[in-house]
2 protein chains.
Amino acid sequence: MVDLETSTEKRILEAARKIFIQKGFSGGRMQDIANEAGINKALLHYYYRNKETLFEVILSDSLRNMLPRVSEIFDGEGSLQDKIRAFVNAYLSFMIEDPSLPLFILNTLHSQSNRSISSKFQEIVGQLPYGKFRDEITAAVNKGVIRPIDPIQLILNTLSLCLFPFLAKPAFLMVSHLSEASYKQMLLKRKADVADFIIDALRPE
Amino acid sequence: MVDLETSTEKRILEAARKIFIQKGFSGGRMQDIANEAGINKALLHYYYRNKETLFEVILSDSLRNMLPRVSEIFDGEGSLQDKIRAFVNAYLSFMIEDPSLPLFILNTLHSQSNRSISSKFQEIVGQLPYGKFRDEITAAVNKGVIRPIDPIQLILNTLSLCLFPFLAKPAFLMVSHLSEASYKQMLLKRKADVADFIIDALRPE
DNA sequence: GTCTATATATGGATAGAC
DNA sequence: GTCTATCCATATATAGAC
């Protein structure tokens, strides 16, 4: 069992990630992070200058994780419908691995719109080939393989259907009285359901 | 111009609401609230015992606002399609008035799952006639007026499409470089688009 | 009811021993 | 690299005058 306890630096990151995602920037205490990592507060400052630095490292990582390799999906062959199905599948699979990420990121963007965070977000999200998406949707509409729809609204709808259940997870669990396990089960089922829903909505008249 | 400046108590609530929605519980400072209300810190404690009390008042109000009178919509006559259209319309209109509410509430539920907040949330949200929704969807499926769909997924899809744009507003603005005005314009257009999208998705084969 | 002044607690950050 | 002890700024909360 060599190296099962990873380096202190790594453990700090994992602890900070957990705490910040749970409680946000101002809600997360350095003491909480130190406890979670099983080390002393002072060590946090040894490895990372201050709370803000630590937070930004976590956020950058999260943002980079949030950006899945969706470009490939839209680069490949196949109908728009196939690509939508592949996208929904990939996106939901990814989020199921890390369910608190979306709320953490939206939340940060909402409350800290002043910092360098905005530019980091734009830098990362700017790599997504939105233009490509839009063009492909427009082309499909013109060819009549899907019904007419504003490309922006379709993209927004797809993201809504993929992300909302994760954002609303706590509320959903409270209302539905589902267990964690059943919730995960529902999300897995949702992969197919969401793709069907979108594709059905796009059927030409 | 009599009474344009409402009572201090009311002004405090408005100020607290603004600050808490903007910065959350731990991020919002009592001093910020006092400044925003144009009064002294001590007065906050005079009217509300402490920060936590003040926060809970705000949250309760918000939760009650979040719950529109949707029951009536589903009590009335008309097809399921008509009701969905009415629901989406009412829900989006309401949210456009108060765009930060959804994120505030989800966020609070996420980070404070311990407090009395959970029970308050359940109490309020428990009044929604979910059973009625479910039954009506199931009936429509059986009659063949809509294609087969899991009622839970349809409800979740509808809420996703209505709420997500508000949750993701900051991210959306950053990516799209839209102005506040264009954003609001897009949301207004979305009322019809979302209803169309759902109803199209439900067309029988 | 509203203010100023102050007590008290908390949390981020640093100094310095080991 | 890791700890203990401590400093200092900030934030909540209270006391007491007006």
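As the structure is a prediction and not an experimental result, all values here were calculated from the model. Labels below follow one simple rule: chain letters A, B, ... track the order of the sequence lines, proteins then strands, and each chain is numbered from 1.
Distance, A/K23 NZ to C/dG12 P: 11 Å, rounded to whole Å. Between B/M30 atom CE and C/dT8 atom C1' there is a gap of 15 Å when expressed in whole angstrom units. When the P atom of C/dA13 is taken as reference, atom OH of A/Y48 falls 15 Å away, rounded to whole Å. We find that CG of A/L44 is positioned 14 Å from P of C/dG11, with the value rounded to whole Å. Separating the CG atom of A/D32 from the P atom of C/dT10 is a distance of 13 Å, rounded to the nearest angstrom. In this structure, A/F20 atom CZ and C/dG11 atom C1' are separated by 13 Å, rounded to whole Å. Rounded to a whole Å, the CG atom of B/N50 is 15 Å from the P atom of C/dA9. Between the P atom of C/dG11 and the CG atom of A/N35 lies a distance of 11 Å, rounded to the nearest Å.
Comparing D/dT2, C/dC3, D/dA13 against the side chain of B/H45 picks out D/dA13 as the nearest. Of the listed nucleotides (D/dT4, D/dT12, C/dC3), D/dT4 has the atom at the smallest distance from the side chain of A/A42. When each of D/dT2, C/dG1, C/dT4 is scored by its nearest atom to the side-chain atoms of B/N40, the top-ranked nucleotide is C/dT4. For B/R29, taking side-chain heavy atoms from C-beta onward, the closest of the listed nucleotides D/dC3, C/dG11, D/dA11 is D/dA11. When distances are taken from the side chain of B/Y46 to each of C/dT2, D/dT12, C/dA13, the shortest belongs to C/dT2. Distances were taken from every side-chain heavy atom of A/L43 (C-beta onward) to each of D/dA13, C/dT2, D/dT2; the shortest belongs to D/dT2.
On a pure distance criterion of 3.5 Å, no polar donor-acceptor pair joins the side chain of A/K51 and the base of C/dG11.
Ion pairing between A/R29 and A/E36 fails under the 4.0 Å rule for side-chain N and carboxylate O.
With hydrogens and angles disregarded, a donor-acceptor distance shorter than 3.5 Å links the side chain of B/R190 to the backbone of B/L161.
Looking only at side-chain heavy atoms (C-beta outward), A/D196 and A/R85 come within less than 4.5 Å of each other.
Looking at heavy-atom distances under 4.0 Å, A/G28 makes contact with sugar-phosphate atoms alone, never a base.
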I'd like to know whether B/F104 forms a ring pair (Phe, Tyr, Trp, His ring centres under 6.0 Å) with B/F20, so could you lay out the CA-CA distance, the side-chain angles of the two residues, the decisive distance to 0.1 Å, and finally the verdict. CA-CA 8 Å; B/F104 171 66; B/F20 281 139; 7.5 Å; no

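A/Y130 pairs by the ring-ring contact (aromatic ring centres under 6.0 Å, His included) definition with A/F133, not counting sequence neighbours.
Judged by closest nucleotide on DNA chain C, B/E9 is the one of B/K41 and B/E9 placed further toward the 5' end.
Distances shorter than 4.0 Å separate some side-chain N or O of A/T8 from OP1 or OP2 on D/dT2.
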